[in-house]
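Residue numbers begin at 1 in each chain, while the letters A, B, ... track the order of the sequences. The structure presented is a predicted model; accordingly, all values stated were derived computationally and were not measured.
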Number of protein chains: 2
Amino acid sequence: MSTYQVTFLPDNVTTAVCGGASLLHAARAAGVDLNSPCGGKGTCGKCAVRIGESSYTDALACRTEVHCDLTVEIPAEARMKKQKVLLSEKQLDEDGLWRRYKMDPIAGKYHLTLPAPDLADSMNDLDRLLKALKKEHGIEAAGISLNCLREFPEAVREGGFEVTVTVVESGGRCEIIGVTPGLDEKPAYGAAVDIGTTTVVCAICDLKTGKVIDREGSYNRQASFGADVITRIIHADENKEGLSELKEAAVSTINSLIEALTERNGLDRGDIVSMVCGGNTVMTHLFFGVTPKYLRLEPYIPATVSFPQVKAADIGIDIHRDAPVLAIPSVASYVGGDITAGVFAIMPGGSEEINLFIDVGTNGELVLGNCEWLVTCSCSAGPAFEGSGVSSGMRAMDGAVDRIEIDRESLRADCGVIGDTKPVGVCGSGLICALSEMLAAGVIDRAGKIRTDKGNDCIRVRDEAEYLLIQSEESGTGSDITITESDVKNLLRAKAAVFAGIRTMLAQVHMDVSDIANVYIAGGFGSNINITDAVQIGMLPDLPEEKYEYVGNSCIKGAILGLLSKEALAAMDGLAGRMTYIELSIGNQFMEEFISALFIPHTDLGLFPSLQQAGQKQGKE
Amino acid sequence: MSTYQVTFLPDNVTTAVCGGASLLHAARAAGVDLNSPCGGKGTCGKCAVRIGESSYTDALACRTEVHCDLTVEIPAEARMKKQKVLLSEKQLDEDGLWRRYKMDPIAGKYHLTLPAPDLADSMNDLDRLLKALKKEHGIEAAGISLNCLREFPEAVREGGFEVTVTVVESGGRCEIIGVTPGLDEKPAYGAAVDIGTTTVVCAICDLKTGKVIDREGSYNRQASFGADVITRIIHADENKEGLSELKEAAVSTINSLIEALTERNGLDRGDIVSMVCGGNTVMTHLFFGVTPKYLRLEPYIPATVSFPQVKAADIGIDIHRDAPVLAIPSVASYVGGDITAGVFAIMPGGSEEINLFIDVGTNGELVLGNCEWLVTCSCSAGPAFEGSGVSSGMRAMDGAVDRIEIDRESLRADCGVIGDTKPVGVCGSGLICALSEMLAAGVIDRAGKIRTDKGNDCIRVRDEAEYLLIQSEESGTGSDITITESDVKNLLRAKAAVFAGIRTMLAQVHMDVSDIANVYIAGGFGSNINITDAVQIGMLPDLPEEKYEYVGNSCIKGAILGLLSKEALAAMDGLAGRMTYIELSIGNQFMEEFISALFIPHTDLGLFPSLQQAGQKQGKE
């Protein structure tokens, strides 16, 4: 078979592919970041590229086969840029988080001085080591890893019977995984990882001080196989190598983060001796190489919610080969370890107050309860808030519109853009804001219909009715950025799912919105939401703004806690087991609530008293 | 670099090697069994081959480099033939052995019928499995192996929620390692392996009935790197790939046995779900890929006596990839797991009688004691009994002289040979017999000096004084088979080491030969020894013959017990820890005993009263 050279611009990266391969495949092979939310099905249109140099053709990369040498330019809007990863000051307060728990990590380093053997004291090396470990540090280790066993006799002698050992706990037993000669004063490090569908974040902790020494985030490389979990499940199921591609994509994303972090901080990758990760149930299945197929088919059964502790080398993570890798347990198919970790880190365990925890992404995961009980559910919000299913949608990265103000007279929009660049699309928080403003300015009615009767240039009908947000000359794509009536419908469905989830869950425990003491908004997307806008469109309940708190990446906080404290790990295991999962697809309640919520803010305005009052006030003025 | 073709006859196997490689290397590469007790140092002369077809040259394979295409004939005496492996009826009584212990193997298969999930019962697959396992079989498994986790959701559905699971115990926790659809009535099997320096034996057991279904033995492929443990330690230490070559040789020996056994019995290798092995400390180190270097250097420290339980795939054993592989713990550097297993299987644990357990190979391993105490030591007998260090020595295989009678007048020897073939050498039991007969016939004196003053054709002086055992025309090698004065000295040292070991150990516990109730002779070599001869030459103590019992391959019996009973495994762990190791190189006692034993039977004839009486009787006649 012939092979051809494909050069990607502006990166100027060239790769060779077999004739007939798609350009998307070539981009993956070249390591070029190309957006493909639908996973290469040709349905989302996000991977549009320009082929040729002087005269060019526009084409979808996933639908274009390579049959000659090509030069391909990836326009700004088709690139997966560096995510706006949450690294604000507010986020770094997790340094102090572990102080709520006993500092007792599953991995640590210990210095030992062994008595040298002689003919009268011919105890074997391992027992000598275990005895000293118990005597000097009170640690009763049960054994040694095979890799370490093969090397430690040399290390013991090289150090003149003075050594530093690395001990990890696995299934309740302590195991020696490293022996270095002499006194090794370098601390042992651990990696806490949040495996998000969109973004992966890794924090490196000093296991002695508990300090987070650095963190780094990037988009999840699985994104090139599809933006949302369902597309990825389908990719894993329908392609022979699909599952292993997705597994490798997650692993290589994490390995790249670890590489960047270790290089920046002058560490060896082998210095990282434990890893705790959190992710939604699909991400965790894919990371462990377990088919997520049955998560998508009714009755939506996960292979497991509690993954086995494995060794880093067994799963391809490039840290100490025998480092334990643990996943925080999930609750159910669509309430994952990220939620367990987040709730553990954020909701004060001892309080009797009723709290609501919300993590909105493709799914809205909701947890309600207090120290005595917890219920949880997942409402399929759809990928609208994550930039998929909306014509101008994109993730929160450079070039994304995240704030919109519509002049009530001219109906022209004034947009805030992330980064020092021209706008190329609208991210989730921008879309919520857009919906709120479009209603307030009368661009849409309460049912989400675009009011083409307005007689304004910003409202027009092309394939369908649409609102012109940004004109081509001001746009980074060279085309108009618009919000169509279909976009509005998709956004309505997304916000309705979240609100209906909250209402259904409250009803199950015979409570009302007013019983909620605090609402914690988690996740990268959550931190960008304007609460007022979200209440205005009827996505979040009408509660005083001071009851809302942005908690940022709560998953990584829980993972850090797990890394630093066995007690925290055990508590998270217990927590996952204690949460009662409510399956929303049983019965009609959720569907009824959903339909009622497909208006802005809701068919029952009584649920939004503050908006009603504001409306009455406005009406009176 | 040029490569050349080397063809080995009579096998007619051809291999390609790089120019400059040794013929021994080529033979290993071709999988041709060539004797090389010294491990390729050119010192033992056992790898003599004939190069060329019509006109040929004699050469040592290990000293001959390949610089052109060659045809090489391996003469009978240089071939490692199939060992005379102990498979007698008496040996097979281990079928009933486990009945002394609770039948409770570390691995087993269980049939389960799971309730099918629905929206109202959406418990994950793994918890569903664990719950049924507990309910139906009372087994509380802690988890599942990563490999099995990746596959079992499909198996569960393929079987319509009826499955057969394989559960193993590892470090006190039960783990599921296999899930097959439906009712799988094939039993789970285990492999018990005796990793001997010379011979490896594997027995396959049905883990449900406890029955040994088949067994097979072969020489240890490590033999081509040296006949004895010391040569192999040196090979591992002095060659870059030495350790891994020896590890692979042991593993491939076991894998070949398993292949033969599974094929013969119509099993899949994956049906074997556990393995328990016993071997001396050096063999165990090599099998696990751990350097045995410090076992050879004073103060002779093993890396460990208790090896970690590993998974078959991690060590290269070709059975179920997640099958636990356990080694029976050693006591000390030169008292290995084979002795722990043997003593456990053979010495009745509850008796107060003092028993002596002897396993004679290169080292003589001795255990003395009763239900309350046990002492053990290792006396370096040297490789004389194993065919090394004796000019005509060989292992007990086809062509080996194992019985000798010397006519008191003519001094001509009448020899018994193993197999239907001409004699090519003398094995250990033959050498003991020879020594006894040579003394009785007056060929040697009590100090081992050959009596050249006899004026008999069978006694002659070439390089040194020698006794002609078999003339060239009757020999399978075409040369005379003789026993030289150096051979006799080597044999005297070997037998003296054993006897001195027994005496030193008895002295340590303030006992005498007469306190011994039973003597158990273990090992392949042991079973061939003629007790009368061994007492005659002063190797074994002068006790009534009925106190002696041949126990054959006691190591495999212990390994089988371990395979079938967790209780037995735990008891062997305890036993290894309870045995007090006596280091014979401390103090002068052993050396004094050794020097006194360098006569036949001994300098102190009072230690051999029955021989003294016989002598007196003879004198009187």
Side-chain angles (χ1 to χ4, degrees), chain A residues 116-130 142-154 156-157 170-173 175 243 247 281 285 288-294 297-311 314-315 330 332-333 581 583 585-586, chain B residues 116-130 142-154 156-157 170-173 175 243 247 281 285 288-295 298-311 314-315 330 332-333 581 583 585-586:
Chain A
D118 57 36
L119 280 177
D121 168 19
S122 60
M123 178 183 275
N124 64 83
D125 291 339
L126 180 58
D127 283 336
R128 195 170 294 273
L129 209 60
L130 295 174
I144 190 164
S145 73
L146 182 58
N147 288 319
C148 186
L149 176 64
R150 286 174 174 165
E151 294 168 2
F152 91 104
E154 296 292 352
V156 163
R157 281 158 186 85
S170 165
R173 299 165 79 241
E175 188 184 39
L243 179 57
K247 178 191 169 299
T281 311
H285 275 64
F288 281 90
V290 178
T291 177
K293 181 172 161 187
Y294 301 105
L297 306 173
E298 200 182 313
Y300 320 115
I301 305 296
T304 184
V305 289
S306 185
F307 283 79
Q309 179 169 330
V310 298
K311 295 199 171 210
D314 288 341
I315 206 156
S330 296
S333 289
Y581 179 67
E583 176 55 59
S585 61
I586 300 180
Chain B
D118 56 37
L119 280 177
D121 168 20
S122 61
M123 179 182 277
N124 64 83
D125 291 339
L126 180 58
D127 282 336
R128 195 170 293 273
L129 209 61
L130 295 175
I144 190 165
S145 72
L146 182 58
N147 289 319
C148 187
L149 176 65
R150 287 174 174 166
E151 293 169 1
F152 90 104
E154 296 292 351
V156 163
R157 282 159 186 84
S170 164
R173 300 164 79 240
E175 188 184 37
L243 178 57
K247 179 192 169 296
T281 311
H285 274 64
F288 280 89
V290 178
T291 177
K293 181 173 161 188
Y294 301 105
L295 290 169
E298 201 184 312
Y300 320 115
I301 306 297
T304 185
V305 289
S306 185
F307 283 80
Q309 179 170 330
V310 297
K311 295 199 169 209
D314 289 340
I315 205 156
S330 298
S333 290
Y581 179 65
E583 175 56 58
S585 60
I586 299 181

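Contact of B:Ser170 with chain A is not made at all, since no heavy-atom distance falls under 4.5 Å. For A:Ala142, no part lies under 4.5 angstrom from a heavy atom of chain B. Contact annotation for B:Ile586: only side-chain heavy atoms (C-beta onward) come within less than 4.5 Å of a heavy atom of chain A. Both the backbone and the side chain of A:Leu149 come within contact range of chain B, judged by heavy atoms closer than 4.5 Å.
Ranked by heavy-atom pairs shorter than 4.5 Å toward chain B, the options A:Ile301, A:Ile315, A:Leu126 are led by A:Ile301. When the candidates A:Pro299, A:Gly289, A:Ser585 are compared by the number of heavy-atom contacts under 4.5 Å with chain B, A:Pro299 comes out ahead. Comparing B:Val156, B:Asp125, B:Asp121, B:Asp314 by how many heavy-atom pairs each has under 4.5 Å with chain A, the most go to B:Asp125. Listed options A:Gly172, A:Ser145, A:Ser122, A:Ser330 were ranked by heavy-atom pairs under 4.5 angstrom with chain B; first place goes to A:Ser122. Counting heavy-atom pairs closer than 4.5 Å to chain B, the top residue among A:Pro153, A:Gly143, A:Pro302 is A:Pro302. Of the residues considered (B:Met123, B:Glu583, B:Glu154), B:Glu154 shows the highest number of contacts with chain A, using heavy-atom pairs under 4.5 Å.
At a threshold of 4.5 Å between non-hydrogen side-chain atoms, the residues A:Val305 and B:Asp127 count as touching. Side-chain contact check for A:Leu146 versus A:Arg150: some heavy-atom pair is nearer than 4.5 Å.
Interatomic distance, B:Lys293 NZ to B:Leu243 CG, rounded to the nearest 0.5 Å: 11.0 Å.
Legend: residues meeting ring-ring contact (aromatic ring centres under 6.0 Å, His included) with B:Phe307, ordered by chain and number and at least two apart, are B:His285, B:Phe288.
Formation of a donor-acceptor pair under 3.5 Å by the B:Ser333 side chain with backbone atoms of B:Leu295 is not found in this model. At least one donor-acceptor pair closer than 3.5 Å links the side chain of B:Thr281 to the backbone N or O of B:Ala332.
Sorted by first and then second residue, the pairs that involve residues 302-311 of chain B and meet salt bridge (charged side-chain N to carboxylate O under 4.0 Å, His left out), not counting sequence neighbours, are B:Glu175-B:Lys311, B:Lys311-B:Asp322.
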